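This report refers to the structure that appears directly beneath it.
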Amino acid sequence: MSSTVLIRLVIIVISINILVQQCELTNAEKRCDLFEGRWVFGGGGGSSSSDVYDYSSCPFIQKEFNCINNGRSDHLYLKYSWQPHACNLSRFDGVELLRKYKGKSIMFVGDSLSRNQWLSLICMLYTAVPDTKYTATTSADLSTFTFTEFGVKVMLDHSVYLVDVVREAKGRILKLDSIQGGKRWLGMDMLIFNTWHWWNRRGPTQPWDYIEVGGELYKDMDRVVAFEKALNTWANWVDTNIDPTITKVFFQGISPSHYNGSAWNEPGAKSCVGQKEPVVGSTYPGGLPAALTVLKKVITSKIKKVRVELLDVTNLSLLRKDGHPSIYGLGAMDCSHWCLPGVPDTWNLILYNLIIL
């Protein structure tokens with residue numbers, strides 16, 4: 001064999017190896033789970049919250065989430081970026097998102113955790129175009145922030161159970177079979193749903209007196225069972241009312257709380273106060289909540305016609321015991337909501353990667 005032929009064979013083999021590696025990389029990227037990873041200090045594939053916006057640059061952060069303005073002096077929690085195991089997150093580009101959704105409407109539907117994520121997205125977009133014109137309106141349970149130059153509406157419908165709570169002669173009825181409030185969700189270009197935070201409320205903060213399902217009234221029932229029945233009603237509503245060629249549908253997932261240090265191997269901690277770093281690694285010692293299993297079952301088995309993508313933020317948020325307002329919110333201990341800037345910015349960064357790329 002001549003040296004020329006040998007050289008050509010070597011070149012061919014090298015070229016084939018390069019092509020195989022590129023194919024393997026492409027397949028790995030396709031398989032990448034953006035929700036499996038770890039928190040990295042000062043780096044990572046995406047952006048830390050301090051890279052996206054500063055609390056002083058977004059005048060729309062409500063007091064309960066504005067931790068630094070409320071006196072939180074440790075800022076390490078702003079320096080962590082979420083790093084998926086198998087790929088990198090693209091950096092958030094607010095102008096690109098506004099252009100993609102020009103003339104369209106994005107609606108968050110849910111409780112105060114939806115408001116947490118809604119305000120985060122408003123801040124991320126506003127910081128990208130700080131001189132833009134906007135309007136902000138609130139009417140009953142519906143809040144709308146409009147980037148007028150782009151015609152983009154970012155909306156919030158306050159609906160803590162997704163299903164209806166109706167005042168009747170017997171009292172306030174939580175109707176697990178009814179979603180009359182869904183009329184407000186029609187015609188949206190993107191819907192991001194959320195519920196769970198209120199399902200375990202009891203006593204004075206519980207906003208209903210009876211549960212109704214199948215035409216029967218109950219004084220109470222297992223809350224996870226009630227949650228699943230309500231999600232089944234929501235799933236049927238989505239399948240019946242949403243045109244998947246027009247509307248993208250997401251579910252926020254289950255946002256966790258941190259009131260018991262034993263769940264992160266710190267049994268002396270009775271709340272999240274004083275926590276300054278995430279849990280190390282990729283797995284939360286306390287495990288995942290039962291509500292997440294129910295949610296995944298409903299999304300995968302009950303919805304047939306519409307693709308609902310789960311923003312599976314539970315595990316990555318469980319790792320962030322340091323991200324809550326604690327005493328730097330409205331005064332009372334808050335280990336359920338999240339500081340802004342903070343963890344919800346990562347939820348929106350992942351949302352951006354899912355809808356843009």
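Only a predicted model underlies this, so the values are computations on that prediction, with no experimental measurement involved. Scope of the values below: all heavy atoms of this structure, side chains included, with no hydrogens, waters or symmetry mates.
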Problem set entry | Derivation of the salt bridge (charged side-chain N to carboxylate O under 4.0 Å, His left out) call for Arg172 and Asp209 | CA-CA 5 Å; Arg172 302 164 298 172; Asp209 304 305; 2.9 Å; yes
For this session: Using the side-chain contact (heavy atoms from CB on, under 4.5 Å) rule, take Glu309 and Leu354 through it: C-alpha gap first, then chi angles, then the decisive distance, then the call.
Result: CA-CA 9 Å; Glu309 192 152 4; Leu354 291 173; 3.5 Å; yes
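Partners of Trp234 according to the ring-ring contact (aromatic ring centres under 6.0 Å, His included) rule, which considers only residues two or more places apart in sequence or in another chain, are Phe193, Phe251.
Relative to the six-membered ring of Tyr210, Lys219 meets both conditions, a distance below 6.0 Å and an angle of at most 45° to the axis. For the pair Arg115 and Trp118, the cation does not sit on the ring face, since its NZ or CZ is not both under 6.0 Å from the ring centre and inside 45° of the axis.
Residues Gln275 and Arg320 bring no donor and acceptor atom of their side chains to less than 3.5 Å of each other. Judged purely by distance below 3.5 Å, without hydrogens or angles, the side chains of Asp189 and Ser105 never pair a donor atom with an acceptor atom.
Heavy atoms from other residues, nucleotides or ligands lying under 6.0 Å from CZ of Arg99 number 12 at most.
In this structure, Asn315 CG and Glu36 CD are separated by 6.0 Å, a value rounded to the nearest 0.5 Å. Distance check, rounded to the nearest 0.5 Å: CG of Asp157 to CH2 of Trp185 gives 7.0 Å.
For Ser114 (side chain) and Phe108 (main-chain N/O), no donor-acceptor pair under 3.5 Å exists by modelled atom type. The closest donor-acceptor contact from the side chain of His158 to the backbone of Asp141 lies at 3.5 Å or more, if one exists at all.
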Could you list the donor-acceptor pairs under 3.5 angstrom formed between side-chain atoms of residues 243-250 and any protein atom two or more places apart in sequence or on another chain?
unit_1, atom_1, unit_2, atom_2, d
Asp243, OD1, Thr245, N, 3.0
Asp243, OD1, Thr245, OG1, 2.6
Asp243, OD2, Thr245, OG1, 3.2
Thr247, OG1, Met188, O, 2.6

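His258 and Tyr284 have their aromatic ring centers within a separation under 6.0 angstrom.
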